[in-house]
Amino acid sequence: MAKKLKVGVIGLGSMGSTHLDIYSQIGEVEVVAIADPKKSRLDGSNRAEGNIRGQAQGSVTRLEAKKYLDGMDLIDDPDIELVDICVGTNLHFVFVEAALAKGKHVLVEKPLARTYDEAKRIVALALNSSTNIMSAMCLRYWPAWVWLKKLIKNKEYGECLSLTCKRQTSHPPGTFYSSDDECGGAILDLHIHDTDFINYCFGMPRAVFSQGYKGPSGGIDHVATHYIYDQSQNAPLVTAEGTWTMQEGYGFNMSYTANFEKATACYLLDDEETLTLFRSGYEPELINLDEGMGYEFEIRSFVDDILSNKKININLLKQAAESVAIIEAEMVSIKSCSVVVLGVES
Ligand SMILES: NC(=O)c1ccc[n+]([C@@H]2O[C@H](COP(=O)([O-])OP(=O)(O)OC[C@H]3O[C@@H](n4cnc5c(N)ncnc54)[C@H](O)[C@@H]3O)[C@@H](O)[C@H]2O)c1
């Protein structure tokens, strides 16, 4: 039997248990260690919840794995080849730095880091590392978004004239989401999914104009942004709105409307998931999507790269760092109520 990739998961909250669920379905992987300072998370008596159906399904109770109260001890464990970092965003940098220094492969939850400065330092460390690192920007792997990226690129229905993205929910529970210092508010934690997807499809915008307000995290918890591309080159009109200020019980939804020269695509995930393509002269077409959430395709792809000794594309990591820079520009725009021009050094 082929040797399995040995994984250690740090942080057993909603994302840690989502990742555990996915690893349990990948035959080539073995979770050999888990870490969390909360004993109740290590023994499974306190299970985290997700905000989307299908999240946080992993369980530690049937897992034969070493248990650490400190994630740094897991990183020191010589058995572990891949360190999966699912702690709060404020801790991403220190754990990534330590894991790369120990020669581990690293999967780190999004956003890449709490600040652009830390994100840039991660990219610099990755450039000098012989192991692979991936920022878990899951929309890049989510079937409905993969489908959209392909249409934007191959222009099957002409140029993309406009893209509007939206994600809305009520405030997630837990101390991490109640601290702007730790999570960065919905603007960094939630809305970055759309910002990063826009960056991934169209590149860095020339400028942003954002409006928003503070909410329960103490940071910007509702934001709406225009991503300004150079209109003289037929650039698309791109906007995104993200919030976790909805009242309790509201649930979660994410959506996009992409208008092409010859088609309009409308996607909505709430209790159901639908993607409809509208074309003049045709009946609306329901698009069949691959089953599954972005998390599983993302993790499978990273594991496959490691097992086949494929080096990661560093540009994808740089782009995840740039997305943090865009978010910081959006924060400046909200504060100054002005258009903020982006100038990210390479
Ligand atoms: N990709 C996505 O769609 C998605 C969704 C939700 C959250 N996230 C990201 O995942 C990360 C974690 O979010 P979450 O919702 O799982 O948070 P969470 O608060 O539910 O879980 C974090 C866990 O980390 C543990 N922890 C804290 N300090 C630790 C340490 N020193 N060593 C080991 N464990 C430690 C906590 O006890 C907690 O169990 C955040 O960066 C968040 O932005 C991504």
Side-chain angles (χ1 to χ4, degrees), residues 14-15 50-52 55 88-89 109-116 119 135-140 142 144-145 148 162-174 176-180 182-202 204-205 207-228 236-248 250-258 266-270 273 293-295 319-320 322-335 337 340 342:
S14 64
M15 283 327 282
N51 62 353
I52 309 182
Q55 260 184 354
T89 310
E109 253 311 330
K110 52 59 43 186
L112 180 56
R114 177 63 186 79
T115 63
Y116 178 50
S135 168
M137 296 301 330
C138 57
L139 282 199
R140 297 178 185 187
W142 210 288
W145 303 80
L148 174 60
S162 69
L163 173 64
T164 307
C165 304
K166 208 178 221 188
R167 65 191 55 238
Q168 312 183 107
T169 187
S170 35
H171 187 226
F176 166 66
Y177 292 103
S178 298
S179 162
D180 179 35
E182 294 182 23
C183 71
I187 189 171
L188 179 67
D189 194 83
L190 179 87
H191 167 73
I192 195 165
H193 282 294
D194 296 311
T195 303
D196 180 75
F197 185 76
I198 287 163
N199 184 22
Y200 181 53
C201 289
F202 301 114
M204 283 288 277
V208 290
F209 178 66
S210 306
Q211 289 185 293
Y213 56 87
K214 289 186 178 179
S217 78
I220 300 295
D221 285 342
H222 191 156
V223 55
T225 295
H226 276 278
Y227 298 87
I228 301 165
L237 168 64
V238 183
T239 58
E241 180 176 354
T243 180
W244 63 31
T245 61
M246 299 297 162
Q247 296 292 307
E248 263 178 56
Y250 175 85
F252 172 88
N253 64 66
M254 65 177 175
S255 63
Y256 64 70
T257 301
C266 295
Y267 170 74
L268 172 64
L269 180 143
D270 47 18
E273 187 176 32
M293 307 171 98
Y295 314 120
Q319 221 161 29
E322 280 170 9
S323 298
V324 179
I326 302 172
I327 294 292
E328 290 186 354
E330 292 183 40
M331 290 180 195
V332 174
S333 175
I334 291 168
K335 211 166 173 192
C337 198
V340 172
L342 279 140

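Keep in mind that what you see is a predicted model, and the values were worked out from it rather than measured. Values below: all heavy atoms of this structure, side chains included; hydrogens, waters and symmetry mates excluded.
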Closest non-hydrogen atom pair between V208 and S333, with its separation: O-OG, 3.8 Å

Contact summary for L342 and P205, nearest pair of heavy atoms: CD1-O, 3.6 Å

E241 versus H191, side-chain donor and acceptor atoms under 3.5 Å: no

Interatomic distance, S217 atom OG to E182 atom CD [nearest 0.5 angstrom]: 11.0 Å

Closest non-hydrogen atom pair between L190 and T243, with its separation: CD2-O, 3.2 Å

Any donor-acceptor N/O pair, T169 side chain to G251 backbone, under 3.5 Å: yes

Distance-only polar pair, side chains of E330 and Y227, donor-acceptor under 3.5 Å: yes

Test of ring centre spacing under 6.0 Å for F209 and H226: no

Under 3.5 Å donor-acceptor, D221 side chain and A186 backbone: yes

Spacing of OG1 belonging to T245 relative to NE2 belonging to H222, to within rounding of 0.5 Å: 5.5 Å

Heavy-atom pair of closest approach, residues P111 and I192: CB-CD1, 3.7 Å

Smallest separation among heavy atoms of I198 and A240, with atom names: CD1-CB, 4.1 Å

Where L163 and A258 come nearest, the two heavy atoms and their spacing: CD1-CB, 3.9 Å

Greater than 12 external heavy atoms within 6.0 Å of Q211's CD: no

Side chains of Y116 and E322, donor plus acceptor under 3.5 Å: no

Backbone of M204 reached by a side-chain donor or acceptor of N199 within 3.5 Å: yes

Note, E328 side chain near V332 side chain (heavy atom, < 4.5 Å): no

Heavy-atom donor-acceptor pair, Y177 side chain to D189 backbone, under 3.5 Å: no

Separation between CD of Q319 and CG of L112, rounded to the nearest 0.5 Å: 12.0 Å

